[in-house]
Amino acid sequence: MKISNFHFLFLIFSALFFIAQSSQINDVPSSQKRLAFFIFGDSFFDPGNNNFINTTQDFRANFTPYGETFFKYPTGRFSDGRLIPDFIAEYANLPLIPAYLDPRNKLYIHGVNFASGGGGALVETHRGFAIDIETQLRYFKKVERSVRKKLGDSRAYSLFSNSVYMFSIGGNDYIVPFEGSTVLEKYTETEYVNMVLGNATAVLEEIYKKGGRKFAFVAVPPLGCLPHTRLMKEGSHGSCYDEASALARLHNKLLPAALHKLANKLQGFKYTFADTYTLLQNRIDNPSKYGFKEGKKACCGSGELRGIYTCGGMRGQKEFELCENPNEYLFFDSYHPNQRAYEQFAKLMWSGDAQVIKPYNLKQLFQYGSSQAN
């Protein structure tokens, strides 16, 4: 049977198209082979998971002016634009990592973001309003089973062992004692921080069992110097609430030691820790050095320092103030930095030295090969 030139070319094209589609995962540079990015944590990393849970507007950012700088519409990110994981994904040549709960998200091959605004390491933290770290772990296990079913055990294990797992957790656990919780009446500060760290490291061990080897943490920020928390202490006149920052500093001191202990215990476990506490504090103290005009007052909110959490007029108070240029303000709302600050942090985390992130920067961690990580 003769085949016309047209049919011959059609068959060749179809075969090439099929090969390209079927080998999408395999035909990538070796440094990126079967690599994904999994993100856990709180509002500093949440890409919009809270849009899809039954919570209040205090724990959502799916209304204007959120998102205005980059997306031009609100995505659920607590920022005027992108967050640290969005930039890191770009630097790693990955697409924007989607929210796990977004119903449009059906493919997990590049990773997924489980973070939830208000989420903590402790189940009790904002219970019923946010997704705690243990629930985020359960979601990850569902993703792991789905990917294993699609790729098979060997290829799935290779994907998970070469992937990076990044966390922003603890801040909400350390804020709630200053929001009326009596938890610090039951525990010393060190006991409480160790509870938080115990839950976080237990999650890491579970991910390790599924193949995870490369973990990145950001420090809890200087909580007492956020615009909102400056107003929480009576008679502070807008000065930092140091008791809140002290818990963050204790967490940031003890976490690297806990990660080092895990590295000694678990073969192939690699970790890095970014000192975002200092990065943010430096910009609060000396904003002009980093290109900001204002380091204490929020762009969006109301009251002193725009520290009352009313940005968007959807949180019980319709009236709020909005600055003309968010790039001039370190903080976009009463709790959260703006996109420009997040981009500065992400760049330093990606390629910075040990003064910012150690023992590896994120570029090094992403490039650390799966053959070595097993």
In Å, rounded to the nearest 0.5 Å, how long is the span from [atom1] of [X] to [atom2] of [Y]?
{"X": "Leu250", "Y": "Leu255", "atom1": "CG", "atom2": "CG", "answer": "11.0 Å"}
{"X": "Arg306", "Y": "Lys296", "atom1": "CZ", "atom2": "NZ", "answer": "15.5 Å"}
{"X": "His126", "Y": "Phe129", "atom1": "NE2", "atom2": "CZ", "answer": "9.0 Å"}
{"X": "Ser43", "Y": "Asp333", "atom1": "OG", "atom2": "CG", "answer": "8.0 Å"}
{"X": "Asn162", "Y": "Leu35", "atom1": "CG", "atom2": "CG", "answer": "5.0 Å"}
{"X": "Thr69", "Y": "Asn327", "atom1": "OG1", "atom2": "CG", "answer": "6.0 Å"}

Taking every non-hydrogen atom, the tightest pair across [X] and [Y]:
{"X": "Arg230", "Y": "Cys225", "result": "NE-O, 3.2 Å"}
{"X": "Tyr271", "Y": "Pro256", "result": "OH-O, 4.0 Å"}
{"X": "Tyr66", "Y": "Cys311", "result": "OH-CB, 3.6 Å"}
{"X": "Ile308", "Y": "Ser334", "result": "O-OG, 3.2 Å"}
{"X": "Met349", "Y": "Ala274", "result": "CG-CB, 3.8 Å"}
{"X": "Ala200", "Y": "Ile169", "result": "CB-CG2, 4.3 Å"}

CA sep, side-chain torsions, deciding dist, call: Lys297, Glu304, salt bridge (charged side-chain N to carboxylate O under 4.0 Å, His left out): CA-CA 8 Å; Lys297 186 177 182 179; Glu304 185 179 0; over 6 Å; no

Around atom [atom1] of [X], are there more than 12 heavy atoms of other residues, nucleotides or ligands at under 6.0 Å?
{"X": "Phe52", "atom1": "CZ", "result": "yes"}
{"X": "Glu324", "atom1": "CD", "result": "no"}
{"X": "Gln355", "atom1": "CD", "result": "no"}
{"X": "Tyr290", "atom1": "OH", "result": "yes"}
{"X": "Leu107", "atom1": "CG", "result": "no"}
{"X": "Lys150", "atom1": "NZ", "result": "yes"}
{"X": "Asn54", "atom1": "CG", "result": "no"}

Run through Asn62, Asp86, Asp46 and flag the one making a side-chain hydrogen bond (donor to acceptor under 3.5 Å, both in side chains) with Arg77.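 Single pass found, and it is Asp86.
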
Less than 4.5 Å apart, side chain to side chain, heavy atoms only: is that true for [X] and [Y]?
{"X": "Phe332", "Y": "Pro65", "result": "yes"}
{"X": "Asn113", "Y": "Asn49", "result": "yes"}
{"X": "Lys210", "Y": "Phe160", "result": "no"}
{"X": "Lys289", "Y": "Asn282", "result": "no"}
{"X": "Asn338", "Y": "Phe292", "result": "yes"}
{"X": "Phe215", "Y": "Phe167", "result": "yes"}
{"X": "Tyr277", "Y": "Arg249", "result": "yes"}
{"X": "Asp102", "Y": "Tyr100", "result": "no"}

Taking the six-membered ring where the residue is Trp, are the ring centres of [X] and [Y] under 6.0 Å apart?
{"X": "Phe38", "Y": "Tyr165", "result": "yes"}
{"X": "Phe331", "Y": "His336", "result": "no"}
{"X": "His110", "Y": "Phe37", "result": "no"}
{"X": "Phe178", "Y": "Tyr241", "result": "yes"}
{"X": "Tyr309", "Y": "Tyr335", "result": "yes"}

How about Cys300 and Cys323 - are their SG atoms less than 2.5 Å from one another?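 A disulfide is absent here, as the SG pair of Cys323 and Cys300 is separated by 2.5 Å or more.
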
Indicate whether the side chain of [X] and that of [Y] have a donor and an acceptor atom separated by less than 3.5 Å.
{"X": "Ser168", "Y": "Asp42", "answer": "yes"}
{"X": "Arg138", "Y": "Thr135", "answer": "yes"}
{"X": "Asn50", "Y": "Ser116", "answer": "yes"}
{"X": "Asn194", "Y": "Tyr187", "answer": "no"}

Regarding Glu206 and Lys209, does a basic nitrogen lie under 4.0 Å from an acidic carboxylate oxygen?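 Result for this pair is yes, salt bridge flagged.
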
Is the backbone N or O of [Y] less than 3.5 Å from a side-chain atom of [X], with the two atoms forming a donor-acceptor pair by type?
{"X": "Arg315", "Y": "Gln57", "value": "yes"}
{"X": "Asn252", "Y": "Asp275", "value": "no"}
{"X": "Tyr108", "Y": "Phe140", "value": "no"}
{"X": "Arg60", "Y": "Thr56", "value": "no"}
{"X": "Asp132", "Y": "Gly120", "value": "no"}
{"X": "Thr310", "Y": "Phe320", "value": "no"}
{"X": "Asp153", "Y": "Arg148", "value": "no"}
{"X": "Thr201", "Y": "Gly198", "value": "yes"}

Can you tell me how the ring of Trp350 sits relative to the ring of Phe366, calling it parallel under 30°, perpendicular over 60° and tilted otherwise?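 Aromatic pair Trp350/Phe366 classed tilted.
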
Parallel, tilted or perpendicular, judged at 30° and 60°: which one describes the rings of Phe269 and Tyr208?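 Geometry flag for Tyr208 against Phe269: tilted rings.
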
Let me see the working for Lys186 and Glu191 under salt bridge (charged side-chain N to carboxylate O under 4.0 Å, His left out), right down to the final yes or no. CA-CA 9 Å; Lys186 303 175 187 175; Glu191 288 172 340; over 6 Å; no

Full working for ring pair (Phe, Tyr, Trp, His ring centres under 6.0 Å) between Phe217 and Phe273: CA-CA 5 Å; Phe217 272 81; Phe273 175 75; 7.7 Å; no

Test salt bridge (charged side-chain N to carboxylate O under 4.0 Å, His left out) on Lys72 and Glu68; report intermediate values, then the result. CA-CA 4 Å; Lys72 307 304 180 187; Glu68 65 175 16; over 6 Å; no

Path from Met166 to Leu94 over hydrophobic side-chain contacts below 4.5 Å: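 The answer is yes; both residues are in one hydrophobic cluster.
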
Which is it for Arg340 and Glu328 under the salt bridge (charged side-chain N to carboxylate O under 4.0 Å, His left out) test, yes or no, and what are the steps along the way? CA-CA 9 Å; Arg340 188 180 188 189; Glu328 295 180 350; over 6 Å; no

Please lay out, stage by stage, how Ser245 and Asp242 fare under the test side chain to side chain donor-acceptor pair (under 3.5 Å). CA-CA 5 Å; Ser245 291; Asp242 195 60; 4.9 Å; no

